[in-house]
Novice: 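One structure, as structure tokens, below. Some questions next.
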Amino acid sequence: MSTRGPNDLVGPRSVAVIMDGNGRWAKRAGLERIRGHERGIDAVRTTVTECARLGVQALVLYAFSEENWARPQREIDLLFKLLKRFLREERDTLMQNRVRLLHSGRRARLSPDVLGLLDETMAMTAGNDGMRLSLAISYGGRQELADGVQAIARQVQAGTLDPAAITEETIRAHLYHPELPDPDLLIRTAGEMRISNFLLWQVSYAEIHVSDVCWPEFGAEHLAAAFADYGRRVRKFGKVL
Ligand code: FPP
């Protein structure tokens, strides 16, 4: 039995997306892999706009993982070219939708031009009070935890933190964006049933929706299907209802 009341919000407050299947979509269409990433930008635009319209408070998109650095250099270069184009061209749309942009991930391997555009867009949208959109770029869930543990260890070493005082909240406070709510809904496209090192801490109680369509063809109707699926879930958080 659901404890949901008639006035409760049914839609997810926070959504995370593993955008998979760009390469497969391109291959099926007889195109180069990168064409799939290009078409993927349309799906990014639709998802961001729709989530903002539907009242989602936080959206995290897995755009480039730490493991993706092992892809062919040509594909990496083209992915970052697309990312830069997105950051330049979508600013008006982000502003119109009152979206605030954030970055989740390590900055060390990102080029100065990517960092410059990210920082500029984050600064420009910093005052927006609508949905927060975090782009996970050079991101890994294990790396995020390792970075947090290092910061905590430094405090212990400096004598400012007692190891016995380390709680779940201490770890949460050292995630890249502790202020973002944990995803209620994790969407993955292209039929794969894996987490792939995405938001390992944060997805503990996320409802998972796997869509069979490849990311370039993921549209408003597929997002609506994911939300409808989420609306049918009974969330118990380990308790008995
Ligand atoms: C997975 O498809 C997708 C990626 C590794 C990159 C996702 C990037 C974009 C959609 C474009 C840029 C993003 C933003 C936010 C502007 P895959 O290549 O692993 O597909 P495959 O498994 O079918 O080969």
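Order of listing sets the numbers, starting from 1, for every ligand and every atom in it. Bear in mind that the values here come from a model prediction, so they are computed numbers and not experimental data.
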Novice: List the closest protein heavy-atom neighbour of atom 9 (C) of ligand 1: residue, atom name, distance to the nearest 0.1 Å.
Specialist: N22 ND2, 3.9 Å

Novice: Taking atom CG of L82 and atom CG of N22, what is their separation to the nearest 0.5 Å?
Specialist: 9.5 Å

Novice: Under 3.5 Å between any N/O of W25 and any N/O of ligand 1: does that happen in this structure?
Specialist: no

Novice: Give me the atom names and distance for the closest heavy-atom approach of T170 to L161.
Specialist: CG2-CD2, 4.3 Å

Novice: For N68, counting its heavy atoms only, list the atoms of ligand 1 lying under 4.0 Å from any of them.
Specialist: 5 (C)

Novice: Please determine which of L118, V114, D119 meets the side chain to side chain contact (heavy atoms under 4.5 Å, CB included) test together with R107.
Specialist: D119

Novice: Using a 4.0 Å cut-off to any heavy atom of W215, which atoms of ligand 1 qualify?
Specialist: 10 (C)

Novice: R33 heavy atoms, cut-off 4.0 Å: which ligand 1 atoms fall inside?
Specialist: 17 (P), 18 (O), 24 (O)

Novice: Charged N to carboxylate O under 4.0 angstrom, D129 versus R100?
Specialist: no

Novice: Heavy-atom contact check, 4.0 Å cutoff: does A190 meet ligand 1?
Specialist: no

Novice: Considering E38, R71, M19, which one's heavy-atom position lies nearest to atom 17 (P) of ligand 1?
Specialist: R71

Novice: Which ligand 1 atoms does L83 reach within 4.0 Å, using its non-hydrogen atoms?
Specialist: 14 (C), 16 (C)

Novice: On a heavy-atom basis, I'd like to know which of H37, E90, K27 is closest to atom 4 (C) of ligand 1.
Specialist: H37

Novice: Is the CD atom of Q73 crowded by more than 12 outside heavy atoms at less than 6.0 Å?
Specialist: yes

Novice: Quick one: which ligand 1 atoms are inside 4.0 Å of a heavy atom on D20?
Specialist: 1 (C), 2 (O), 17 (P), 19 (O), 20 (O), 22 (O)

Novice: What protein heavy atom sits nearest atom 12 (C) of ligand 1, and how far off is it?
Specialist: I41 CD1, 3.8 Å

Novice: Report, in ascending order of atom number, the atoms of ligand 1 lying under 4.0 Å from any heavy atom of R24.
Specialist: 21 (P), 22 (O), 23 (O)

Novice: A quick test of your reading: do over 12 heavy atoms of other residues, nucleotides or ligands sit less than 6.0 Å from CD of E168?
Specialist: no

Novice: Which heavy atom of the protein is the closest neighbour of atom 6 (C) of ligand 1, given with residue, atom name and distance?
Specialist: A63 O, 3.3 Å

Novice: Using the rule ring-ring contact (aromatic ring centres under 6.0 Å, His included), only one of F86, W69, F198 pairs with F64; which is it?
Specialist: W69

Novice: Do L102 and V60 have side-chain heavy atoms sitting under 4.5 Å apart?
Specialist: no

Novice: So which heavy atom on A206 is nearest to which on R235, and how close?
Specialist: CA-NH2, 4.2 Å

